[in-house]
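Notes to accompany the following structure.
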Amino acid sequence: MAQRQRQIRLALSVYGVGGPGQHGLWKDPRVPKNASIDIDWYIAQARKAEAAKLDALFIVDSQFINATYPPHYLNRLEPLTLLSAVAVHTRHLGLIGTLTTTYNSPFNLARRFASLDHISKGRAGWNVVTSFDVGVAKNFGLEQHLDYPTRYGRALEFVKVVQGLWDSYEDDAFPADVERDVFLDPTRLHALEHKGQYFSVAGPLNLSRSPQGQPVIFQSGQSDDGRSLAAQIAEGIYSPPAPLEEKQAYYADIKERTRRVGRNPDHVVILMGARPVVADTDERAFQRARDEYEADNQFERKLAAFGRSFGAHDFSRHDLDAPFPDVGELAERGGRTNAQKIISHARENNLTLRETVLAFSKFQPSPFTGAPRTVASTIARWFEARAFDGLNLGFRTTEDLDTFTGEVLPLLRAEGLFRSDYESDTLRGNLGLPIPENRHTLERQALADTRATGAA
Ligand SMILES: Cc1cc2nc3c(=O)[nH]c(=O)nc-3n(C[C@H](O)[C@H](O)[C@H](O)COP(=O)(O)O)c2cc1C
């Protein structure tokens with residue numbers, strides 16, 4: 001069947017021994033106990049993703065834990081180190097790593113991502129976050145996490161500086177001409193000389209551009225500040241799952257914000273987080289989803305996980321049967337968007353702490369639960385309804401990934417909604433994103449055009 005124009009984009013997020021809501025996953029005999037720190041496990045997942053023609057492997061991250069965190073978070077590899085190893089065992093799969101703008105410096109980060117982009121020959125992506133966990137601050141010499149306006153202001157300037165550094169060399173900077181004895185053409189090397197509100201960076205970066213020009217910029221962050229950052233810099237977004245109408249409104253909002261800042265909305269690919277549960281019948285899939293939920297359904301766990309939006313607050317200190325406590329200020333600098341949702345729901349419905357925790361951790365099967373045909377048609381329907389451009393997929397086990405790629409993807413392919421082969425060797429190429437022109441090359445060309453017009 002002829003391919004339709006708009007194609008579903010699919011990334012794979014991996015959570016080794018168990019991410020949020022999967023505290024008991026490590027006990028599953030199919031999951032190696034060291035999955036989260038075994039590079040061979042990641043390489044195996046990546047190869048499966050590549051064989052299924054997925055767009056990218058997506059690695060989330062944080063630099064704070066306490067003992068109540070999900071098993072994968074307790075003991076995991078640093079994203080860029082991990083992705084560099086995966087890069088040399090794959091050829092087409094995009095490699096997206098989450099790094100925070102709050103606890104890094106732009107020069108160092110620009111160099112590390114540019115290195116991954118070269119190592120992978122144009123498959124690197126950077127998921128820009130400002131850090132969810134307020135506790136990271138104390139690992140970086142700060143008493144407090146930065147507030148929202150500072151974090152997001154810093155993030156915007158940070159990304160601009162990084163992109164400026166990635167343009168240090170024009171594409172023809174290295175003639176490497178032995179006869180003329182010219183390795184570098186110095187007119188094609190540009191210092192940045194950036195002096196802004198948060199950073200002073202001279203440059204240039206000591207690394208040239210890769211086949212995709214620059215790594216692809218992703219963003220995760222749902223607040224108004226987060227959306228505004230996305231509109232300005234994101235080429236891809238990782239957004240959390242929500243009901244269809246909510247996702248449609250979010251999609252429309254992001255595309256409109258992007259248009260308003262003069263960018264092409266098609267050049268921002270919105271991925272929604274999704275954990276499909278697939279079985280041979282709808283009934284069995286729902287039963288499995290329920291069983292998996294019940295296996296992890298311990299109130300103490302839920303209470304601890306609930307604290308994360310409030311700066312890893314220990315809610316076990318409060319009376320569970322008293323009205324929801326006054327803890328709004330704990331979320332002011334961390335997961336405020338989620339925390340505000342929780343607080344308003346608790347207040348509006350006069351809930352106790354226990355009732356609030358239960359309300360936000362009740363059984364809510366993924367909309368992509370069912371037999372392969374049900375899951376494929378739901379994905380297609382949400383995609384056509386512009387709830388997303390693609391999914392950031394997560395599975396409990398490798399077997400679940402195999403079921404999805406083996407039984408759901410062929411149905412999407414038959415509808416012309418998902419590729420049968422890669423279009424390109426680069427992440428940009430596969431996501432349908434343009435290669436950003438080097439700004440100095442553009443300036444020089446514009447100047448030459450002006451001169452030519454003046455002379456004519
Ligand atoms: C879907 C999604 C994924 C995120 N992943 C990460 C992550 O891996 N690491 C992190 O530190 N923050 C992560 N964040 C948090 C954002 O960076 C941001 O700091 C936090 O959500 C607060 O901003 P917000 O209110 O704009 O969402 C994620 C946020 C969302 C919505």
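Indexing begins at 1, ligand by ligand and atom by atom, following the structure's order. In what follows, every heavy atom counts, from backbone to side chain, and hydrogens, waters and symmetry copies are set aside.
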Is Arg151 touching ligand 1 with its side chain, its backbone, both, or neither, if touching means heavy atoms under 4.0 Å apart? side chain
Quick one: which of Asn127, Asn338, Thr337 has a heavy atom closest to atom 24 (P) of ligand 1? Thr337
Please tell me whether Ser239 and Gln222 have a donor and an acceptor in their side chains that are separated by less than 3.5 angstrom. no
Numbered atoms and elements of ligand 1 in range of Ser223, under 4.0 angstrom, heavy atoms: 24 (P), 25 (O), 26 (O), 27 (O)
Give the intermediate values and the outcome of salt bridge (Lys or Arg N to Asp or Glu O under 4.0 Å) for residues Glu256 and Arg259. CA-CA 5 Å; Glu256 177 50 32; Arg259 219 173 272 121; 2.9 Å; yes
Counting only heavy atoms, which portion of Tyr103 has something under 4.0 Å from ligand 1: side chain, backbone, both, or neither? neither
Which heavy atom of the protein is the closest neighbour of atom 1 (C) of ligand 1, given with residue, atom name and distance? Tyr238 O, 3.5 Å
Counting from 1 in the order shown, the ligand 1 atoms closer than 4.0 Å to a non-hydrogen atom of Asp61 are 7 (C), 8 (O), 9 (N), 10 (C), 11 (O)
Heavy-atom distance to atom 22 (C) of ligand 1: which of Phe132, Phe58, Tyr148 wins? Tyr148
Quick check: closest heavy atoms across Asp28 and Lys33, and the distance to 0.1 Å? O-NZ, 4.4 Å
Proximal ligand 1 atoms for Tyr152, defined as those under 4.0 Å from one of its heavy atoms: 18 (C), 23 (O), 24 (P), 26 (O)
Region of Ser62 engaging ligand 1 - heavy atom pairs below 4.0 Å: neither
Give the contacting part of Thr98 toward ligand 1: side chain, backbone, both or neither, where contact means a heavy-atom distance below 4.0 Å. side chain
Would you say Asp400 and Thr403 are linked by a side-chain donor-acceptor pair, where the criterion is simply a distance under 3.5 Å? no
For Pro240, the atoms of ligand 1 under 4.0 Å from one of its heavy atoms are 1 (C), 31 (C)
Does atom CZ (Arg373) have a neighbourhood of more than 12 heavy atoms from anything else shown, all under 6.0 Å? no
With a 4.0 Å cut-off on heavy atoms, does Asp225 reach ligand 1? no
Is there a heavy atom in Thr130 that sits closer than 4.0 Å to ligand 1? yes
When you measure from the side chain of Gln22 to the backbone of Arg396, do you find a donor-acceptor pair of N or O atoms at a distance under 3.5 Å? no
Residue pair Phe310, Phe315: steps toward the ring-ring contact (aromatic ring centres under 6.0 Å, His included) verdict: CA-CA 9 Å; Phe310 299 85; Phe315 275 98; 5.3 Å; yes
Find out whether the Lys NZ or Arg CZ of Lys302 is both under 6.0 angstrom from the six-membered ring centre of Phe299 and within 45° of the ring's axis. no
Looking at Glu78 and Arg112, does any basic side-chain N land under 4.0 Å from a carboxylate oxygen? yes
Any idea which of Ser13, Ser220, Ala230, Gly221 brings a heavy atom closest to atom 2 (C) of ligand 1? Ser220
Given Ile59, Val129, Val128, which has its nearest heavy atom closest to atom 5 (N) of ligand 1? Val129
Would you tell me whether Thr68 and Asn66 have side-chain atoms, one donor and one acceptor, within less than 3.5 Å of each other? yes
Kindly indicate whether a cation-pi arrangement holds for Arg111 with Phe107, taking the cut-offs as under 6.0 Å to the six-membered ring centre and within 45° of the axis. no
Examine Asp133 against ligand 1 and note whether any of their N/O atoms are separated by less than 3.5 Å. no
Quick one: do the Tyr73 and Asp133 side chains pair a donor with an acceptor below 3.5 Å? no
Considering the heavy atoms of Val60, write down every atom of ligand 1 situated less than 4.0 Å from one of them. 8 (O)
Looking only at protein heavy atoms, which one is nearest to atom 31 (C) of ligand 1, and what is the separation? Gln222 CG, 3.6 Å
4.0 Å heavy-atom contact, Gly273 with ligand 1: no
